[in-house]
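These values consider heavy atoms only, across backbone and side chains, with no hydrogens, waters or symmetry-generated copies.
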Amino acid sequence: MTKSKKVLFYASGIIITFLLFSIWYNYKYGMSKIAAFEINAPSYKQKLVIATQGSPFKNAITNNLVSHYRQDSIYMKIINVEDLQKIDPENYNAVIVIHTWENLKPPVSVVDFFNKIGYQQNNIIVLTTSGQGNYKMQQVDALTGESRLDNVNDYTQQIIKKVNPLLSK
């Protein structure tokens, strides 16, 4: 085998290994989509949106929030983070965005949402999760942490503490 064929062979092996690792990583740690749903009547005065991604941690927080506010006269709309562009925060008392830091950056839909509406919104609560637990968009005041199930109740309570004053306006 010539020297150039050996280099091509090894380079191909490295590329294939990297691609297989990327596929495995996205399968193991990638976020799934959630099915959108609504709770209570859209005619209610108080309105809340939860935009999230599918994972055991994020699903548990969403379920806790829905359970907490279900009996109140609050319209809740739960959507996938990819559908944030369809939301006008001015039509809601509070918008909760729960997303993960993927491939060293937030999801494009979250960045596009904040570029569209601006970064200084008073009625948006963001929870950003990452492996290190401290990554977030620089311009966004966000709660940050790791997606650990033993932290679900703590983050749920932190979000509720930020949402309640918005719902009482």
Side-chain angles (χ1 to χ4, degrees), residues 26-102 105-114 116-137 139-169:
N26 281 335
Y27 174 76
K28 176 87 173 153
Y29 298 107
M31 297 292 108
S32 60
K33 293 183 181 181
I34 64 145
F37 63 97
E38 299 175 8
I39 307 283
N40 295 329
S43 59
Y44 284 171
K45 184 178 176 186
Q46 295 177 319
K47 295 176 174 36
L48 170 67
V49 171
I50 302 172
T52 188
Q53 296 171 301
S55 77
F57 176 79
K58 291 167 188 63
N59 294 346
I61 289 179
T62 301
N63 289 338
N64 283 356
L65 292 169
V66 167
S67 293
H68 181 81
Y69 291 113
R70 180 182 293 276
Q71 300 305 315
D72 297 335
S73 297
I74 299 170
Y75 167 70
M76 290 182 279
K77 184 172 188 160
I78 294 77
I79 62 169
N80 194 285
V81 162
E82 291 180 359
D83 295 326
L84 268 171
Q85 291 295 329
K86 300 174 185 174
I87 298 299
D88 181 354
E90 291 185 17
N91 295 334
Y92 298 90
N93 297 80
V95 176
I96 301 169
V97 179
I98 306 170
H99 73 87
T100 195
W101 203 256
E102 295 177 335
K105 61 187 181 303
V108 172
S109 58
V110 174
V111 174
D112 290 347
F113 176 68
F114 279 102
K116 174 184 162 188
I117 64 159
Y119 290 90
Q120 302 304 319
Q121 298 292 321
N122 294 327
N123 66 333
I124 299 177
I125 294 94
V126 178
L127 171 60
T128 301
T129 63
S130 63
Q132 299 294 325
N134 58 356
Y135 291 112
K136 71 178 192 76
M137 295 172 61
Q139 311 90 322
V140 177
D141 180 24
L143 300 168
T144 61
E146 298 175 63
S147 292
R148 293 182 26 200
L149 289 174
D150 55 334
N151 292 334
V152 166
N153 290 332
D154 291 337
Y155 285 111
T156 301
Q157 291 307 311
Q158 289 180 51
I159 292 169
I160 289 170
K161 189 182 282 189
K162 290 179 174 279
V163 170
N164 283 344
L166 297 172
L167 292 174
S168 64
K169 288 184 180 180

**Item:** Donor-acceptor contact below 3.5 Å, side chain N40 vs main chain S73
**Value:** no
**H99 side chain to T52 side chain, donor-acceptor N/O pair below 3.5 angstrom** = no
**Asked** Donor-acceptor pair, N123 side chain versus P89 backbone, under 3.5 Å?
**Response** yes
**Heavy-atom side-chain contact between I50 and Y69 under 4.5 Å** = no
**Heavy-atom donor-acceptor pair, K116 side chain to Q85 backbone, under 3.5 Å** = yes
**Request:** Please indicate whether N122 has more than 12 foreign heavy atoms, meaning atoms of other residues, nucleotides or ligands, lying under 6.0 Å from its CG.
**Result:** no
**Message:** Looking only at side-chain N and O atoms, does T129 offer a donor or acceptor that is under 3.5 Å from a partner on T100?
**Reply:** yes
**Asked** Are any non-hydrogen side-chain atoms of Y44 and I74 less than 4.5 angstrom apart?
**Response** no
**Message:** A quick test of your reading: do over 12 heavy atoms of other residues, nucleotides or ligands sit less than 6.0 Å from CG of D141?
**Reply:** no
**Prompt:** Which pair of non-hydrogen atoms, one from P106 and one from M137, has the smallest distance, and what is that distance?
**Reply:** CG-CG, 3.6 Å
**Request:** Tell me yes or no: between the side chains of Y75 and N93, is some donor less than 3.5 Å from an acceptor?
**Result:** no
**Asked** If every non-hydrogen atom of N59 is compared with every non-hydrogen atom of G54, which pair is closest and at what distance?
**Response** OD1-CA, 3.6 Å
**Asked** Between the main-chain N or O of T128 and the side-chain N or O of T144, is there a donor-acceptor pair closer than 3.5 Å?
**Response** no
**Prompt:** Would one find more than 12 heavy atoms of other residues, nucleotides or ligands at under 6.0 Å from atom NZ of K162?
**Reply:** no
